[in-house]
Amino acid sequence: MLYEIALFIHIINAVVTIGPLFAILVMLGRMKKLEEDSKFEGAIEGLRAMIRTVEIGGHYIVPTGLILVMLGGWSWSTSWIIVTLIFLGACLIVLAKAFKPATKLLGTPAFTRALFIRKMYVATFVYLLIMAVLLWLMVAKPAFW
């Protein structure tokens, strides 16, 4: 029963982590069309909230994943677990190297809306790709070696 509860929490956290990424794409599309600075600034705050939600979901998905590995009887040397851990490291790098620098552009002389939106699109698509691979790894549990 404990395994099923952990699995449920893990899946809910996956939804919380991935869902806002699609909303970010929609918001970026709308931001391209905004002309008023005040509306653009409001959209920026919305983006920050969505990115924070992704981060928070990630904070909970890792411990529940660790619990699932321990309760599920998987060995830490299982290939899909090792590859999953590598991709989790990639998620941290993307969050640190893509989303944060893009938001730090705000209010600097280098800031342009087009550059900001482009950086956010790229970061979001890369993160979605990584999350899709993680989902596949956790569902398919492929044997690489």
Side-chain angles (χ1 to χ4, degrees), residues 1-72 74 76 78-142 144:
M1 171 107 169
L2 186 57
Y3 182 84
E4 286 82 11
I5 292 169
L7 181 61
F8 179 75
I9 293 169
H10 191 70
I11 291 168
I12 293 297
N13 285 315
V15 171
V16 168
T17 303
I18 297 170
L21 295 170
F22 293 100
I24 288 172
L25 293 174
V26 172
M27 184 168 280
L28 290 171
R30 291 182 180 168
M31 287 173 72
K32 284 181 179 180
K33 300 171 187 167
L34 290 178
E35 294 181 17
E36 296 178 36
D37 287 340
S38 62
K39 289 183 179 180
F40 189 80
E41 289 173 18
I44 294 293
E45 291 307 312
L47 277 177
R48 284 185 174 147
M50 287 181 224
I51 292 169
R52 187 73 185 132
T53 302
V54 170
E55 291 171 348
I56 290 170
H59 285 83
Y60 290 103
I61 205 167
V62 172
T64 57
L66 296 175
I67 290 168
L68 287 170
V69 170
M70 290 186 283
L71 294 176
W74 294 97
W76 290 102
T78 305
S79 63
W80 73 267
I81 292 175
I82 293 170
V83 174
T84 298
L85 292 172
I86 292 167
F87 272 88
L88 281 172
C91 286
L92 292 173
I93 292 168
V94 169
L95 277 174
K97 300 279 184 186
F99 286 121
K100 298 285 183 189
T103 56
K104 286 184 180 182
L105 271 176
L106 299 168
T108 67
F111 175 80
T112 65
R113 286 185 186 191
L115 176 63
F116 174 78
I117 290 170
R118 187 174 72 240
K119 283 183 175 261
M120 290 298 293
Y121 262 122
V122 169
T124 303
F125 276 114
V126 168
Y127 199 72
L128 274 170
L129 178 64
I130 292 170
M131 294 304 289
V133 170
L134 283 170
L135 277 172
W136 173 74
L137 287 167
M138 287 180 254
V139 173
K141 296 174 180 42
F144 292 106

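Small disclaimer: the values here were computed from a predicted structure and weren't measured.
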Residues G46 and M27: closest non-hydrogen pair is C-SD, 4.1 Å
Write down the atom of L28, the atom of L47, and the distance for their closest heavy-atom approach. CD2-CD1, 3.9 Å
Heavy atoms of other groups near F8 CZ, more than 12 under 6.0 Å: no
Taking side chain as C-beta onward, heavy atoms only, is [X] less than 4.5 Å from [Y]?
X: M70; Y: W76; value: yes
X: W74; Y: L68; value: no
X: I9; Y: I67; value: no

Who passes salt bridge (Lys or Arg N to Asp or Glu O under 4.0 Å) against R48, sequence neighbours left out? E45
With R30, which residues qualify under salt bridge (Lys or Arg N to Asp or Glu O under 4.0 Å), at least two apart? none
By ring pair (Phe, Tyr, Trp, His ring centres under 6.0 Å), W136 pairs with (sequence neighbours left out) none
Taking only residues at least two apart or on different chains, which pairs with a member in residues 116-135 satisfy side chain to side chain donor-acceptor pair (under 3.5 Å)? none
Which residue pairs pass the side chain to side chain donor-acceptor pair (under 3.5 Å) test when at least one of the two sits in residues 5-16, sequence neighbours left out? H10-T64
For residues 79-91, dump all side-chain donor-acceptor pairs below 3.5 Å to protein atoms at least two apart in sequence or in another chain.
| residue | atom | partner | partner atom | Å |
| --- | --- | --- | --- | --- |
| S79 | OG | F144 | N | 2.8 |
| T84 | OG1 | W80 | O | 2.6 |

Atom [atom1] of [X] and atom [atom2] of [Y]: how far apart are they, to the nearest 0.5 Å?
X: I18; Y: T53; atom1: CD1; atom2: OG1; answer: 14.0 Å
X: L7; Y: L2; atom1: CG; atom2: CG; answer: 11.5 Å
X: I51; Y: I56; atom1: CD1; atom2: CD1; answer: 12.0 Å

Side chain to side chain donor-acceptor pair (under 3.5 Å) with T17: which residues, sequence neighbours excluded? none
Could you go through the side-chain contact (heavy atoms from CB on, under 4.5 Å) check for V16 and Y60 one step at a time? CA-CA 10 Å; V16 168; Y60 290 103; over 6 Å; no
Just jot down the side chain to side chain contact (heavy atoms under 4.5 Å, CB included) partners of A14, sequence neighbours excluded, or say none. I61
